[in-house]
Enquirer: 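Right, I'll just put the structure down here and ask away after.
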Protein chains: 4
Amino acid sequence: MRQKDETKAQHILRATLDEVQVVGLAGLSIEAVARRAGVATGTIYTYFRNKDALLDALYLHTKQKFAAFVFSDEGLPLRAAFTQMAKAYVSYMIENKDEMVFMTQMANSPYVTDETRATVALGVRPATALLERGKAEQLLKPLDTAWMLAFLSGAMGALAPLAAGLPADQQAEFQDAAALLCWDALKA
Amino acid sequence: MRQKDETKAQHILRATLDEVQVVGLAGLSIEAVARRAGVATGTIYTYFRNKDALLDALYLHTKQKFAAFVFSDEGLPLRAAFTQMAKAYVSYMIENKDEMVFMTQMANSPYVTDETRATVALGVRPATALLERGKAEQLLKPLDTAWMLAFLSGAMGALAPLAAGLPADQQAEFQDAAALLCWDALKA
Amino acid sequence: MRQKDETKAQHILRATLDEVQVVGLAGLSIEAVARRAGVATGTIYTYFRNKDALLDALYLHTKQKFAAFVFSDEGLPLRAAFTQMAKAYVSYMIENKDEMVFMTQMANSPYVTDETRATVALGVRPATALLERGKAEQLLKPLDTAWMLAFLSGAMGALAPLAAGLPADQQAEFQDAAALLCWDALKA
Amino acid sequence: MRQKDETKAQHILRATLDEVQVVGLAGLSIEAVARRAGVATGTIYTYFRNKDALLDALYLHTKQKFAAFVFSDEGLPLRAAFTQMAKAYVSYMIENKDEMVFMTQMANSPYVTDETRATVALGVRPATALLERGKAEQLLKPLDTAWMLAFLSGAMGALAPLAAGLPADQQAEFQDAAALLCWDALKA
DNA sequence: GATGAATGAGAGTTCATTCAT
DNA sequence: CATGAATGAACTCTCATTCAT
């Protein structure tokens with residue numbers, strides 16, 4: 001018999017991501033995903049309980065990949081760590097536009113389970129820690145951490161579409177600008 | 001002969017806004033809107049060409065109402081004008097949570113036509129003008145205006161959910177903080 | 001080389017019978033049968049051509065087991081033979097509720113082939129013979145034999161659900177009553 | 001607008017009954033019912049919540065029509081009332097073979113709700129009353145009423161297929177025989 | 001203009017059966 | 001022979017839109 005193939009699950013997730021770029025989350029159909037993944041419709045259900053579960057899984061996967069790239073704490077001094085995160089954020093946006101589009105569309109959808117939201121929230125902890133360190137060192141404004149995070153991620157997220165089509169020679173400039181704005185906004 | 005009744009169109013738009021709060025944009029059905037508006041399903045098609053047109057119209061209407069409140073240029077000095085806009089943004093968010101929810105859900109949907117996006121963009125002109133004045137006066141960083149706008153509206157939009165349930169006595173504080181962060185981010 | 005294993009076929013038949021008790025004939029899926037039997041879905045197709053053939057085989061098997069128990073002619077005098085059959089019918093119903101449920105659900109289903117129906121009919125021959133002997137001896141009403149059989153099996157079958165949950169001390173009484181009614185109905 | 005048309009509901013019920021004759025309960029599809037009824041699939045759902053509700057409604061309707069014809073108490077003396085019921089049962093079977101087929105197939109299906117079963121049970125009350133009167137008058141055997149009812153309806157139901165194709169000149173004979181057997185079975 | 005029953009394309013999902021391993 | 005992943009036709013049901021009244 002054919003063994004359940006995790007590669008195939010990855011193919012399906014990838015096909016879902018690609019299909020959302022083309023037709024949007026609202027226009028997504030399982031049949032189109034299957035066609036794009038090169039499998040039968042029924043096969044999707046071997047790997048994912050239903051459409052919701054597929055999208056939830058893709059969201060979790062995408063968010064975790066994103067968080068792993070952007071939110072790493074490498075023990076740098078505060079300002080440097082902050083800047084590095086901001087730059088990582090921007091460069092991830094530029095190089096993974098499709099994932100950003102997907103995450104944005106999912107954020108306000110009913111597909112994401114509470115459990116996934118909770119798990120995703122954990123990935124942000126390095127950023128939370130960084131902000132709190134900054135407040136303790138009185139380098140940052142003494143505001144609510146959740147508040148600051150929302151401000152930052154909203155601002156950065158809104159820049160994603162602008163970052164998308166950027167020529168390579170302006171990317172460094174873009175990163176620097178974004179990092180600077182974020183820092184100036186929060187610094188004490 | 002009964003004339004098309006603009007009051008009825010308003011009822012339908014309002015019902016649509018309310019229904020989206022409850023079931024989300026993805027769960028919105030014309031029949032539910034009709035029921036909530038107290039009209040027959042067919043009647044909706046007298047006032048709006050189809051579902052897309054209804055949502056597009058509501059989006060345009062909501063955005064324009066929002067822009068009219070927030071983006072007014074009253075000839076104040078730069079910093080004062082900037083602060084006033086930020087505060088107006090926050091207070092609008094707090095008092096019109098349902099519209100914010102709707103605008104957020106629509107922003108990345110296929111329902112909004114390019115024409116509407118263009119029209120909506122016009123409403124932002126006072127803010128554009130303000131930012132360009134600030135750059136000319138060298139009070140703001142010399143960045144691309146569209147870039148700055150995206151940054152600001154992303155940041156403010158992300159604060160909306162946090163602003164929503166805020167007790168009255170913390171709203172002034174919230175407004176001041178938001179205005180300060182935005183200013184510090186952009187100031188030269 | 002492993003041979004086809006008749007034990008495994010029995011397991012599958014048994015699992016089918018059990019599964020029907022739980023989900024009904026309409027809710028029966030091959031996968032559930034396989035799971036219950038502890039084999040792979042594909043294995044079922046080694047022993048039975050398809051779902052219809054599996055159910056047909058189980059029906060035939062169940063009917064024949066039932067007939068072997070109930071319809072035996074042991075050369076008793078007519079009334080005694082008749083009573084014995086009726087009692088055997090009832091006691092079989094009580095002790096093999098699951099098979100009765102299955103036979104009832106199958107009786108009006110499209111799964112049973114004409115061939116099986118014909119074969120099953122043969123099992124009833126001792127009862128046919130008994131009734132014809134009764135008619136010849138003028139102890140029974142001179143009605144069509146098939147007619148009498150239908151009457152009897154319908155009546156007895158309808159009592160099955162009532163017999164099912166009966167406490168042990170009422171079973172003898174139940175058997176006597178059933179036998180008496182059947183006899184009174186048919187006797188000349 | 002078109003008013004909801006109870007005639008159409010009747011058409012759909014009739015189409016369902018007819019379709020079951022051809023493909024069986026297990027093979028019944030909503031689309032086939034719609035085609036036979038001459039309406040669109042969606043229209044079925046204007047009149048019935050879903051497939052289960054359609055079948056449940058048809059079952060209830062069929063059972064009640066049947067009960068109204070067969071179980072009427074017209075104050076006849078016991079034996080005459082009994083005989084009349086038995087004959088009515090048989091003649092109904094002969095003239096409404098399709099309904100009998102449907103009722104038989106539904107009886108052991110998961111489609112029938114408990115509520116419908118309870119309502120259907122009420123239709124049998126005249127028969128219950130008759131049997132109890134017979135026991136009080138000591139004309140019938142002193143058995144449990146539910147038990148007697150099961151016996152009778154099982155016996156009669158089993159005769160249905162035999163009654164179906166009967167030439168007109170044998171129907172009276174068939175009715176008499178059935179009534180006699182039932183009476184002899186239960187009489188004290 | 002208003003109504004809401006009617007339409008039917010298209011959605012998600014199941015499941016008997018096949019077949020590569 | 002045994003496995004269970006893969007298949008895809010077929011199912012029920014929804015809902016944007018139309019149209020007879």
Enquirer: Using atom NE2 of A:H11 as one end and atom P of F:dA5 as the other, report the distance to the nearest whole Å.
Expert: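 It is 18 Å, rounded to the nearest whole Å.
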Enquirer: Measure from CD1 on C:I44 to P on E:dT18 and round the result to the nearest Å.
Expert: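 After rounding, the gap between these two atoms is 14 Å.
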Enquirer: Determine, for D:D56 against D:R49, whether the closest basic-nitrogen to carboxylate-oxygen distance falls under 4.0 angstrom.
Expert: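 Answer for the salt bridge query: no.
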Enquirer: Under 4.0 Å between a side-chain N or O of B:T46 and OP1 or OP2 of E:dG1?
Expert: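 Checking B:T46 against E:dG1: no side-chain N or O falls below 4.0 Å of OP1 or OP2.
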Enquirer: Expressed in angstrom and rounded to an integer, what is the separation of D:Y111 atom OH from F:dC11 atom C1'?
Expert: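 So the two atoms are 11 Å apart, to the nearest Å.
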Enquirer: Is C:K8 close enough to F:dC1 that one of its side-chain N or O atoms is under 4.0 Å from OP1 or OP2 there?
Expert: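 Looking at the OP1 and OP2 atoms of F:dC1, neither is under 4.0 Å from any side-chain N or O of C:K8.
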Enquirer: Given F:dA5, E:dA9, F:dA16, identify the nucleotide with an atom nearest to the side chain of A:Y47.
Expert: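 Taking heavy atoms from C-beta onward, the closest nucleotide is F:dA5.
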Enquirer: Mind checking who F:dT14 pairs with, Watson-Crick or G-U wobble, both distances under 3.5 Å?
Expert: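 Partner of F:dT14: E:dA9.
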Enquirer: Could you state the atom-to-atom distance from CG of B:N50 to C1' of F:dT18 in whole Å?
Expert: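 Going from CG in B:N50 over to C1' in F:dT18 covers 13 Å.
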Enquirer: In whole angstrom, what separates B:R35's CZ from F:dT14's C1'?
Expert: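 Taking atom C1' of F:dT14 as the reference, CZ of B:R35 is at 13 Å.
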Enquirer: By nearest atom, which of the nucleotides E:dT7, E:dA11, E:dA16 is closest to the C:K51 side chain?
Expert: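 For C:K51, the side-chain atoms sit closest to E:dA16.
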Enquirer: Of C:G38 and D:S29, whose nearest nucleotide on DNA chain F comes first from the 5' end?
Expert: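 The 5'-side residue here is C:G38.
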Enquirer: Within the supplied structure, the quantity of interest is the number of heavy atoms (other residues, nucleotides, ligands) at a distance under 6.0 Å from C:E31 CD; does it exceed 12?
Expert: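 12 or below, so no.
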Enquirer: Does A:L28 offer a backbone N or O that forms a donor-acceptor pair with the side chain of A:K51 under 3.5 Å?
Expert: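 Here the side-chain-to-backbone pair exists.
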Enquirer: Report the distance from atom CZ of D:F48 to atom CD1 of D:I12, rounding to the nearest 0.5 Å.
Expert: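 The CZ atom of D:F48 sits 5.5 Å away from the CD1 atom of D:I12.
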Enquirer: Closer to the 5' end of DNA chain F via nearest nucleotide, is it D:R49 or A:A40?
Expert: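 With D:R49 and A:A40 compared, the 5'-side residue is A:A40.
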Enquirer: Output yes when a side-chain donor or acceptor of C:Q21 lies under 3.5 Å from a complementary backbone atom of C:D98, and no otherwise.
Expert: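 Such a contact is found between C:Q21 side chain and C:D98 backbone.
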Enquirer: Which whole-number value in Å describes the distance from D:E31 CD to E:dA9 C1'?
Expert: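 So the CD-C1' distance, D:E31 to E:dA9, works out to 11 Å.
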Enquirer: Hey, which of these two, A:T41 or B:T41, hits DNA chain E nearer its 5' end, going by closest nucleotide?
Expert: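 The residue whose closest nucleotide sits nearer the 5' end is B:T41.
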Enquirer: Name the nucleic acid region contacted by D:L54, choosing base, sugar-phosphate or nothing; use a 4.0 angstrom heavy-atom cut-off, strictly under.
Expert: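 Touches nothing.
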Enquirer: If I take atom CD in residue C:E19 and atom C1' in nucleotide E:dC15, what distance separates them, rounded to the nearest angstrom?
Expert: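 To the nearest whole Å, that distance equals 14 Å.
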Enquirer: Between E:dT17, F:dG8, F:dC13, spot the one nearest the side chain of C:I30, thanks.
Expert: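 Closest nucleotide among those given: E:dT17.
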Enquirer: Taking pairing as Watson-Crick or G-U wobble with both contacts under 3.5 Å, can you name the mate of F:dA20, or confirm there isn't one?
Expert: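 Pairing partner: E:dT3.
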Enquirer: Under 4.5 Å between any side-chain heavy atoms of A:L54 and A:L13, yes or no?
Expert: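 A side-chain contact exists here, since the closest heavy-atom pair is under 4.5 Å.
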Enquirer: Tell me whether the OP1 or OP2 atom of F:dC19 has a side-chain N or O from B:Y45 closer than 4.0 Å.
Expert: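 No.
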Enquirer: To the nearest Å, how far apart are C:F48 CZ and E:dT17 P?
Expert: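 The distance from CZ of C:F48 to P of E:dT17 comes to 13 Å, rounded to the nearest Å.
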Enquirer: Within less than 4.0 Å of OP1 or OP2 of E:dT3, is there a side-chain N or O belonging to B:T43?
Expert: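 The answer is yes; a side-chain N or O of B:T43 sits under 4.0 Å from OP1 or OP2.
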